[in-house]
Structure formats: C-alpha cells, structure tokens
Chemist: 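Below you'll find the structure I mean.
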Number of protein chains: 2
Amino acid sequence: MTTELKKSRGRPRVFDMDEALDKALKIFWERGYEGASLAELTETLGINKPSLYAAFGNKEELFHKALLKYATGPVAFVKDVINEPTAYKVAEAFLVKAAEFLTDPQHPKGCMIVQGALSSGESAELIRDVLIKYRVSYENLLAERFAKAKVDGDLPDDTSPKNLAKYLATLHQGMSVQATSGAAKDELLEVAKLALKIWPGNNQ
Amino acid sequence: MTTELKKSRGRPRVFDMDEALDKALKIFWERGYEGASLAELTETLGINKPSLYAAFGNKEELFHKALLKYATGPVAFVKDVINEPTAYKVAEAFLVKAAEFLTDPQHPKGCMIVQGALSSGESAELIRDVLIKYRVSYENLLAERFAKAKVDGDLPDDTSPKNLAKYLATLHQGMSVQATSGAAKDELLEVAKLALKIWPGNNQ
DNA sequence: ATATTTATTTACCAATTGGTATTTAATTAT
DNA sequence: ATAATTAAATACCAATTGGTAAATAAATAT
C-alpha cells in the first residue's frame, strides 16, 4: 500500500533514512549533542561519513532533524495533554505521562530536550539555545491552557497560570534528571502524586 | 596573620592555587566537564598546560578538586538546611535558598552537580557517575532528616520521607535547568512557594 | 550500448583534543 | 659561587574531532 514511486535515477540508497534518523536520535538523546561523535553515529547507523553528510547535511543539521522527529514522535503526548477536560487533568496527565515516558526502557532515559545540550562548549551554543526555546514553548503551552482554565472558571481567580506552568515544567525537567540518574518509574509517579497535592481541592 | 612559612625551596609558584581552582570551577560549572577544554582552562587561569598539570594533575583530577571546592563552598548551605527546626522549615529553606543560589549573578547559573555531566560521551562517564552519587547523597540527607521528623511527630505517619526527599530533589534539579535556561530568581521563588503547598497544614 | 545520475567507498584534510619532554628561569641550601 | 630544587615556557605528541575530494559502483534514461 505504501506508494513506492521509486523511479529515482541514480544508485539506490542502501539504508533506510527513517531508521537511520531514529538511530541518530537515540545517540543524541543519550549522549547529548557534543557527546555524540561522528564516529559513534556512523558506526551505529552502519553507514560512512560521506553517506551521512549526503543524506542529512552536517552534524548540526542531523541533530535538528533528529530533534524534529523527537518532538513530533515520542514527545507528541505533551500536545495531547492540553486537551484534557480540566486543568487538574492536564497537570495529572502531564506528570504521569512524563514519569512513564522518561523511564521507558524502550528508549534512552530522560528527555532529549532537557539534556541534549544543557551545559556545553561553544560549539553547541546554538543547539543549546534551540533547546531552551523548545522548553519555553512547551511551558507556554501549559500556561495558555491554564489561562483558558481560569476563564472557564476551572481555576480560582488568584492562581497564576504562568507560575503553575513553570511549576510543572520544573518538575518535568527535574524528573528528567532523576530518570537519567536511575530513578524508577514508580518513584517518579510518587513524585507526581505528591506534586499534584498543591491543587486546590486536591489537598490531603 | 596568614602563616606564610614559605621556605619552599625551588622556584616559587607565580599563581595562587586557590584562585586558579576557583576559576577552573566556574568554567566546569558553566561548560560541564566535556565542554570545558584545556585550552579555555589554561587561558582563563592564565597559566600554561604543564603548570596546570603539575599543580592539579590531569583534567579529571582538576574537575574532582573543583567539585570538592564546590560542594564544600557554594553548596554547603544544603547541609545547614537540615538543621532547621521543623521538616517544613527544612523544605522551605532548601527550596528558597536553592532558588536564590541557582540564579545568583555572582556565579554561573544552575547547579554544577546537576549539569556537570548529565549526558555525555564515554570520556565523561566516570564523572557522570560521581555526580549522580552526589545527587543521591544529598537526597538521602533530606530523606533521613524527614525520617527523623516523623519520629519527632513533626510529620504525619502516612508520609514517606523518601518520596518527600525525592520530590524536593526533583524540584531542585528542575530549578537548576530552569536557571540555566534563563529563569529569574522571583520565578523560581514562586515555584518554591507553590511546591510548599503540598505540606500538610500549609494547604491553600 | 552509452551517458547520466546518484550513492558508496577509500583516503585524506586541517583543527582541536588531552597530555608531555625538554629547556629555561627563579628560588633556597650548602 | 655552586648545587639542588622547583616552576614556567616552548615545543612537541598521538589520537580524535568534524568534514571532504576523488574514485568507484549501481541504478535509469536515451
């Protein structure tokens, strides 16, 4: 059923670009931008450098493509989360799904957007800034959702959507560090449970 | 008043070791272990490589010495915090002081123990593991303090000291990421304030 | 069959990485 | 004054970094 209109002219590519990008993603994910060497990348993808460059551009472009795949793939759940019916359910879904995702044994621990280039040398400064922007935009997504919840009367008047969003983003980022450090899913779920106790009406 | 018994025999060292270590600390702090190059280190310390090696050993040893200085210097407040009279005051002091420290303009943003080697190449794996141990031990310090609080009747019987400690450690680590990403002190103080609302008796 | 196109392979590149051997300079002990 | 000791400066090292030029192989269009 897949439309294989591969009347491409030259020598056919021997590797699957999507699979290769996925492997690159996982290396960046657990090594970070600077920690991932071209040597490890090419070795893992099973291709050599010129092929990698022809297919994806340079290391930086490869990272960006991997990042895009990450944001639209594994991490897409964040954008679903804001569709939960109430602010509380948004927060709950966000933290619970984060706990599960960050410790999922199917892929590297932690969040690539958090640890891809947290502190780094000059060569990764652009990458670092892009990741910061991603984090900020996810946080803003939550803040906007909570602002709407206030209008809906779903949150008390004296609550600050921004503070609430930053609280959740901070927890998420901390959970990412925890996951990378070996914390188990259940431990992070307990953290999530505790964190949700701040919610008005969810006390004790 | 400083006992300068410098009847050391050979050519005198031209730089102050403590000052130099402090500069190295700040570079590791904002660049991470791998991100800090020997070139940047020697340039900033104002000494050349052989001098650095003679004084501090290799890059890894220098990092460990800087880390020790960090843990006994800027970050010593964590060990004071557990002397607060109540569990709540411990948590409050921990989060408030963390917010202030992580955004202090006097030194790099964020926590070196969190971002010194979060994700990295193979060359930093030992460092990464040491930093993980540091994080775990700080968390254990809090957990033990809260266990004592339970015995004292300062915390309800159904509270888990470990979960509480992990909750606070997670927030601290998240705040570190936030600080590195440009969050302001006031914003982190708001997060701390929100976070403390989970406390029994501190609701609303 | 041949030309064209595209991918792979091999071999290479300059720059940078962490790390040292060697020489030279500054100090103290004799 | 001279020997011994210690540090600094210069110059170097192999290995690795990200990146590429040139040659070769596999497909399609003519």
Side-chain angles (χ1 to χ4, degrees), chain A residues 4-21 23-24 27-28 31-66 116-117 119-128, chain B residues 4-21 23-24 27-28 31-66 116-117 119-128:
Chain A
E4 295 188 33
L5 294 171
K6 50 166 65 178
K7 55 180 175 184
S8 52
R9 255 199 309 185
R11 179 175 178 170
R13 186 172 277 119
V14 83
F15 64 96
D16 184 283
M17 281 194 65
D18 205 59
E19 273 180 35
L21 187 55
K23 288 175 184 167
I27 294 178
F28 283 130
R31 293 287 191 198
Y33 176 70
E34 278 184 329
S37 72
L38 242 358
E40 188 176 0
L41 284 165
T42 53
E43 203 175 325
T44 307
L45 306 214
I47 64 182
N48 38 37
K49 281 185 278 182
S51 295
L52 189 150
Y53 275 77
F56 302 107
N58 61 11
K59 188 186 178 186
E60 199 169 341
E61 285 181 60
L62 176 59
F63 183 88
H64 281 117
K65 281 165 183 159
S119 48
S120 52
E122 289 183 46
S123 77
E125 282 185 354
L126 290 174
I127 301 286
R128 198 197 55 198
Chain B
E4 295 189 30
L5 294 172
K6 51 167 63 177
K7 55 178 174 185
S8 51
R9 255 197 309 185
R11 179 174 179 172
R13 186 172 278 119
V14 82
F15 64 95
D16 185 282
M17 281 194 65
D18 205 60
E19 273 180 35
L21 188 54
K23 287 174 185 168
I27 294 178
F28 283 129
R31 293 289 191 196
Y33 175 69
E34 278 184 329
S37 72
L38 242 358
E40 187 176 1
L41 283 165
T42 53
E43 202 175 325
T44 306
L45 307 212
I47 65 183
N48 38 39
K49 281 185 278 183
S51 295
L52 189 150
Y53 275 76
F56 301 107
N58 61 12
K59 188 186 178 185
E60 200 169 339
E61 285 181 58
L62 176 60
F63 183 88
H64 282 117
K65 281 165 184 161
S119 48
S120 52
E122 290 183 45
S123 78
E125 283 186 353
L126 289 174
I127 301 284
R128 198 198 53 198

Chemist: Is the phosphate of D:dA7, meaning OP1 or OP2, less than 4.0 Å from a side-chain N or O of B:Ser51?
Modeler: no
Chemist: Which sits closer to the 5' end of DNA chain C, B:Arg11 or A:Arg11, going by the nucleotide each is nearest to?
Modeler: A:Arg11
Chemist: Would you say D:dG19 has OP1 or OP2 under 4.0 Å from some side-chain N or O of A:Lys49?
Modeler: no
Chemist: Starting from P on C:dT9, measure out to CD on A:Glu43 and report it in whole angstrom.
Modeler: 15 Å
Chemist: Between B:Gly10 and B:Val14, which has a closest nucleotide on DNA chain D that is more 5'?
Modeler: B:Gly10
Chemist: Just compare D:dA29, D:dA7, D:dT20 and give me whichever is closest to any side-chain atom of B:Arg13.
Modeler: D:dA7
Chemist: For A:Met17 and C:dT6, give me the distance from atom CE to atom P, rounded to whole Å.
Modeler: 15 Å
Chemist: For a quick check, tell me whether the side chain of A:Arg9 and the base of D:dA27 share a donor-acceptor pair closer than 3.5 Å.
Modeler: no
Chemist: Check the distance between D:dT17's P and B:Glu122's CD and give it to me in whole angstrom.
Modeler: 9 Å
Chemist: Quick one, B:Ser120 with B:Glu125, criterion side-chain hydrogen bond (donor to acceptor under 3.5 Å, both in side chains). Give me CA distance, side-chain angles, the key distance, then yes/no.
Modeler: CA-CA 7 Å; B:Ser120 52; B:Glu125 283 186 353; over 6 Å; no
Chemist: More than 12 heavy atoms of other residues, nucleotides or ligands under 6.0 Å from CD of B:Glu43: is that the case?
Modeler: no
Chemist: Please report the distance, rounded to the nearest Å, between CD in A:Glu40 and P in D:dG19.
Modeler: 16 Å
Chemist: Output the rounded distance in Å from CD1 (A:Ile47) to C1' (C:dT9).
Modeler: 13 Å
Chemist: Give the rounded distance in Å between these two atoms: CG of A:Asn58 and C1' of D:dT17.
Modeler: 14 Å
Chemist: Take the protein atom CG of A:Leu45 and the nucleotide atom P of C:dT8, then report the distance between them rounded to whole Å.
Modeler: 12 Å
Chemist: Any side-chain heavy atom of B:Phe56 sitting closer than 4.5 Å to one from B:Lys65?
Modeler: yes
Chemist: Between NZ of B:Lys59 and CG of B:Leu41, what distance do you get to the nearest 0.5 Å?
Modeler: 7.0 Å
Chemist: Among the nucleotides D:dT17, C:dT20, D:dA26, which one has an atom lying closest to any side-chain atom of B:Pro50?
Modeler: C:dT20
Chemist: C:dT9, OP1 or OP2 - any side-chain N/O from A:Asn48 closer than 4.0 Å?
Modeler: yes
Chemist: For A:Phe15 and B:Glu34, take the nucleotide of DNA chain C holding the closest heavy atom to each; which residue's nucleotide lies nearer the 5' end?
Modeler: A:Phe15
Chemist: Do A:Glu60 and A:Tyr33 come close enough that some side-chain heavy atom pair is under 4.5 Å?
Modeler: yes
Chemist: Separation of B:Tyr53 atom OH from D:dC13 atom P, in whole Å?
Modeler: 18 Å
